[in-house]
Amino acid sequence: MWLRKCSNVYYKTNIFKGLTKSTLSSLSNVNVLGIETSCDDTGCAVVNSEATILGEFLHSQNETHVKYGGVIPINARELHRDNIELAVDSALNNARIGMNDIDAIAVTAKPGLLLSLMIGVKYANFLAKKFKKPIIPVHHMEAHALVVRIYYNIPFPYLALLISGGHCLLTVVKDVDNFLLLGQTLDNAPGEVMDKAARRMKLKNIPEYSLISGGRAIELAAKNATNPSLFEFPVPLQKNRDCNFSFSGLKDSLVRKVIKKESEHGLMGDEIIPEIYDLCASFQTGITKHLAHRLERAVKFCELKNLLDNNAKNIVVSGGVACNDYIFSNLKSVVNHLGYNIYRPPHRVCTDNGIMIAWNGIEKTRKGIETCQFISPNDVHPISPLGVNIIDQVKEANVAVKSPRFREVN
Ligand code: KG4
Ligand code: ZN
């Protein structure tokens, strides 16, 4: 028996005996507890290797953050701290099992808000030590990309578009731990600009939108539009023949339009422009056209380089913005036209949750990927690139895409 120092905590490494990666991958049925605290959701779930969600619990901080005009990291940390124990206990209770029935603990270790990530990681370390369980560190975006496989039998490789409040990525998912990065946002993420746009349009002053995310509020408000093409939003980066994204121009253009209309109507304070619904619809269409344009180029690049299986032409969309039915239907129409199938997880699993983290643990145990006994704070990273970056190869390929091949589906 020997002792190893891990950031001021001493562990006896053989207390985990019997729970190594080889024993985990050989077990016929594995239960993994997943813990997600990378941003503003405290999510926990128990998933087994049959892809059954045994129990889950989600504490969303959204209402608090909407009130304060965005996620304040210190507040997010406090709320995670207040809810982490409840979230884990509730997920286990819902699963009708205890920690002794858990074979491994998967926890988001990167990327995300450092203060938020640390709460989940510390709690996972505490549980691992107390119950002698191995830990599986999880990359949040990899988890978004893989969770769809609980619901659909989608073989590797496939193309994934990950759209959330913190990220916008196009990636080829070659395996559980093998990703190619084709493109990413150069500035903001689509969920982030929708949240900011909703705040600038003062959507939360309309009671039905006061407690939901900005992205969801824009989707709902856009349904009330009478003239959805009233405002024009030019498609960003049209001349760049790559798969990168940029959303800040769309956001700035929206702010200019709001200011102009407010001044035309002589509005002050909390008053909302009468064209609000049309503006939401036009803005949502602008975002969708940009996503569709880059996705189409990614498909063509993959075909050129033979990166996807010719028989299974599968595309996955995931992350909070993938909940948006307008965006999803229009992406579907574009890729179906190109001969591809498109999938997304159920809405509640597109946004942050513990299920995707537990599932990532299952995928990793199946593959026999290394577990650990303790995650050091040095291994928790707010920023963490996804996979092998081949963005320059995409640029070099110089793939032309008629912009935008987009026939609107409502
Ligand atoms: O994946 P997620 O829960 O957290 C991050 O990892 O960022 O995504 C949250 C984002 C928020 O920006 C929220 O406004 C957006 O997802 N979102 C939506 C919708 N529901 C959530 N955006 C557009 N339409 C929706 N229905
Ligand atoms: Zn996320």
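All ligand and atom numbering here is 1-based and tracks the order in the structure. No experiment lies behind these values; they were computed from the predicted model shown.
What sits closest to atom 22 (N) of ligand 1 on the protein, heavy atoms only, is G215 CA, 3.3 Å. The shortest contact between atom 17 (N) of ligand 1 and any protein heavy atom is with G320 O, 3.5 Å.
The nearest non-hydrogen atom to atom 7 (O) of ligand 1, considering only G43, G165, C39, comes from G165.
Residue contacts with ligand 1: N324 is placed with a nitrogen or oxygen under 3.5 Å of a nitrogen or oxygen of the ligand (distance criterion only). Ligand 1 has no nitrogen or oxygen under 3.5 angstrom from a nitrogen or oxygen of M194. At under 3.5 Å, a nitrogen or oxygen of E219, whether backbone or side chain, sits near a nitrogen or oxygen of ligand 1.
Shown are T42, N75, T37; of these, the side-chain hydrogen bond (donor to acceptor under 3.5 Å, both in side chains) with H80 is made only by T42.
At least one heavy atom of H140 sits under 4.0 Å from some atom of ligand 1. Using a 4.0 Å cutoff on heavy atoms, H167 does not count as a contact of ligand 1.
Around the CD atom of E232, the shell of radius 6.0 Å holds no more than 12 heavy atoms that belong to other residues, nucleotides or ligands.
Shown here are the protein N/O/S atoms lying under 2.8 Å from the Zn ion (ligand 2), water excluded: H140 NE2, H144 NE2, D352 OD1.
D195 is linked by a side chain to side chain donor-acceptor pair (under 3.5 Å) to nothing, counting only residues two or more places apart in sequence or in another chain.
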